[in-house]
Amino acid sequence: MKNQKFLFRSFLFTALAIFFSINCNAQFLKKLGKRAEKAAERTVERRVEQETSKKTDEVLDSILEPGNKNKKPSNKNGNPIPEMDNTNGNSSESTHTNETNTSTNEPGSKSIQVYSKFDFIPGDKLLFFDDFKNDFVGDFPSNWNTNAGGELVVIDGYENKWLNLTPGFNTVYIPDVTMIPSEFTLEFDILGKGIDRKTSSHSYLGIVISDNDSFEKGNNWAMTEYSFCQYIERGFVIENKINAKRGMRNETKVDVRHVVNQKHHVSIAVNTQRFRMWINEKKYVDVPRLLPKDVQMKNIKLTLRGIDTDKESIYISNIKIAEGGVDLRRKLIADGKISTNGILFDTGSANIQPQSMGIIRQISQVLLQDNTISLKIVGHTDADGSEESNLVLSKKRAEAVRNTLINIYKTSPERLTADGMGESKPISDNNTPDGKSLNRRVEFIKI
């Protein structure tokens with residue numbers, strides 16, 4: 001009898017356990033099913049967003065890269081997949097040099113993107129340009145001075161020569177420019193090699209604007225430094241001295257690690273006291289009164305510190321200093337015509353480079369303000385290459401600018417025409433690099 005009661009109780013407990021287990025599993029599966037359903041919905045949404053973004057990029061690329069159907073394959077982040085045996089690189093051309101500073105197909109560089117709000121406007125009067133074309137590999141460039149040394153090198157996969165900067169406690173590099181104007185722009189390319197998570201948190205490249213041309217900073221100077229450190233977020237140091245007294249010093253924590261560990265383009269605009277700095281197409285520094293008031297600044301100096309020379313190298317190339325001109329918008333309205341060599345193109349093509357968008361944006365603002373204005377856009381080239389090819393190229397470039405105004409800034413097509421003059425109307429000597437840079441230009445003429 002006891003055995004029967006024991007068996008009955010065991011059976012009852014087992015049945016109850018099975019029942020509750022089935023019920024719990026059912027509830028669990030039900031919840032799991034809802035979660036799976038929501039996860040599936042999120043996955044679909046992400047896929048739709050990705051496809052939409054991809055199609056949008058394709059449309060924008062078709063505007064800024066007309067006819068470019070043979071783009072390199074890219075990874076999931078949109079970055080070109082480097083070719084293992086590419087040692088020649090792909091040169092690209094600005095309106096200042098045949099071997100430009102922003103090739104978009106070099107190993108590790110990102111594919112071209114459109115930044116319609118990019119508001120950097122390069123100066124329109126060239127003061128200094130150096131791509132080290134006339135210097136020898138292994139030498140220090142003839143148009144510079146330094147207290148630390150350095151040598152020119154050629155880097156596989158990249159066009160032009162690069163100056164390998166030597167870091168130190170007080171390393172200074174000075175281009176041969178004196179008495180810089182109160183309004184000017186500075187641009188250059190930077191390439192870091194060996195930059196990794198062990199790179200020092202004290203590794204900084206500095207841009208100093210000073211009242212003297214010696215290796216000392218002087219009594220009046222303004223400086224911005226940015227970090228190459230990878231393991232923590234360091235950002236920028238902003239500092240100045242006025243009449244030998246510190247005016248300000250601040251460190252801004254901005255994450256630029258993903259930018260500085262590859263080739264990048266630095267753009268700086270100085271307007272009297274105001275200092276602005278962009279890396280690639282993003283503005284990181286905008287200080288309204290960094291430079292001292294009513295003080296003649298004489299030179300620009302580059303400084304480097306904190307780099308381990310046994311494994312890390314910082315290279316610079318394509319340095320351009322230009323005097324800032326009159327506001328293009330006001331000049332176009334007042335004079336009815338402007339000419340600019342600040343709209344940049346890839347070598348031998350009509351592919352507009354992103355840093356050109358500031359100028360094109362200003363043109364669009366004139367058209368938006370006065371809907372009675374119509375413009376003729378005229379492209380010009382230097383004398384490199386044949387007359388026929390330059391004529392075709394100049395027309396394609398003018399048309400590319402027109403398409404950007406229409407498609408990005410929504411200008412009516414009827415208000416814009418495009419033409420090209422090739423090399424037929426030079427404004428300077430085509431036998432010098434500076435002369436060629438002036439001849440490569442785009443005109444906007446009221447009609």
Side-chain angles (χ1 to χ4, degrees), residues 127-130 132 135 139-152 163-188 190 200-228 234-252 266 268-277 285 287 289-309 312-317 319-323:
L127 302 176
F128 178 89
F129 178 80
D130 203 353
F132 312 123
D135 293 299
D139 286 354
F140 187 83
S142 57
N143 293 325
W144 291 72
N145 194 14
T146 185
N147 61 356
E151 65 175 0
L152 293 175
L163 174 58
N164 187 1
L165 304 179
T166 301
F169 178 74
N170 187 31
T171 296
V172 181
Y173 291 87
I174 306 176
D176 288 344
V177 178
T178 57
M179 306 300 288
I180 56 177
S182 60
E183 294 190 295
F184 69 91
T185 58
L186 166 67
E187 299 177 72
F188 53 87
I190 286 286
S200 170
S201 61
H202 297 286
S203 61
Y204 282 91
L205 178 75
I207 301 96
V208 181
I209 303 167
S210 175
D211 64 357
N212 66 52
D213 53 9
S214 72
F215 296 119
E216 301 299 324
K217 289 180 180 177
N219 292 326
N220 295 278
W221 52 267
M223 180 184 74
T224 296
E225 292 183 304
Y226 71 97
S227 174
F228 288 86
R234 293 292 291 178
F236 293 76
V237 174
I238 300 168
E239 186 176 3
N240 70 359
K241 274 193 177 181
I242 300 174
N243 295 325
K245 295 181 180 179
R246 174 178 287 176
M248 69 174 72
R249 190 183 193 281
N250 188 32
E251 294 188 32
T252 62
V266 174
I268 292 169
V270 172
N271 301 98
T272 312
Q273 291 182 275
R274 186 181 183 185
F275 182 101
R276 290 173 293 164
M277 177 176 173
V285 178
V287 181
R289 294 178 180 86
L290 185 62
L291 275 74
K293 185 179 181 181
D294 299 327
V295 175
Q296 173 65 57
M297 307 305 274
K298 290 187 176 181
N299 218 318
I300 299 167
K301 305 169 186 180
L302 300 180
T303 63
L304 182 65
R305 60 185 174 96
I307 292 296
D308 183 352
T309 55
E312 300 163 350
S313 299
I314 302 296
Y315 305 92
I316 186 172
S317 189
I319 302 91
K320 175 198 165 190
I321 304 170
E323 185 174 355

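Numbers here are sequence positions counted from 1.
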Could you check if a side-chain atom of [X] sits within less than 4.5 angstrom of a side-chain atom of [Y], using non-hydrogen atoms only?
X      : Y      : answer
Ile238 : Thr252 : yes
Thr303 : Val208 : yes
Ile316 : Leu302 : yes
Leu290 : Arg276 : no
Asp135 : Trp144 : no
Ser203 : Ile307 : yes
Asn240 : Leu291 : no

Test of understanding: with side chain to side chain contact (heavy atoms under 4.5 Å, CB included), list the residues that count as partners of [X], not counting sequence neighbours.
X      : result
Thr146 : Phe140, Ala148, Tyr173
Leu127 : Pro181, Ile321, Glu323
Asp176 : Asn143
Thr309 : Pro167

To the nearest 0.5 Å, how far apart are [atom1] in [X] and [atom2] in [Y]?
X      : Y      : atom1 : atom2 : answer
Lys320 : Phe129 : NZ    : CZ    : 9.0 Å
Lys301 : Ser214 : NZ    : OG    : 4.5 Å
Ile207 : Leu186 : CD1   : CG    : 7.0 Å
Ser317 : Asp130 : OG    : CG    : 8.0 Å
Gln273 : Lys293 : CD    : NZ    : 6.5 Å
Met297 : Thr178 : CE    : OG1   : 14.0 Å

Quick one: side chain to side chain donor-acceptor pair (under 3.5 Å) partners of [X], sequence neighbours excluded?
X      : answer
Asn220 : Asp211
Thr224 : none
Arg289 : none
Glu312 : Thr199

Enumerate the salt bridge (Lys or Arg N to Asp or Glu O under 4.0 Å) contacts for residues 212-228, please, sequence neighbours excluded, ordered by first and then second residue.
Glu225-Arg305
Qualifying residues under salt bridge (charged side-chain N to carboxylate O under 4.0 Å, His left out), relative to Arg249, sequence neighbours excluded
Glu239, Glu251
Short question: side chain of Asn147, backbone of Asn170 - any donor-acceptor pair under 3.5 Å?
yes
May I ask you to decide if Pro141's main-chain N or O and Glu151's side chain share a donor-acceptor pair within less than 3.5 Å?
no
For [X] and [Y], work out which heavy atoms get closest and say how close.
X      : Y      : value
Gly235 : Tyr204 : O-CE2, 3.8 Å
Ile242 : Pro292 : CG1-CB, 4.0 Å
Phe215 : Asn145 : CZ-ND2, 3.5 Å
Ile180 : Ile209 : CD1-CG2, 3.7 Å
Asn271 : Glu183 : ND2-OE2, 3.2 Å
Pro175 : Asn299 : O-OD1, 3.5 Å

Any residue meeting ring pair (Phe, Tyr, Trp, His ring centres under 6.0 Å) with Tyr226, in chain and number order, not counting sequence neighbours:
Phe228, His264
All ring pair (Phe, Tyr, Trp, His ring centres under 6.0 Å) counterparts of Phe236, not counting sequence neighbours:
Tyr284
Any chance you could lay out the side chain to side chain contact (heavy atoms under 4.5 Å, CB included) test for Met248 and Val287, step after step, and finish with the verdict?
CA-CA 11 Å; Met248 69 174 72; Val287 181; 4.2 Å; yes
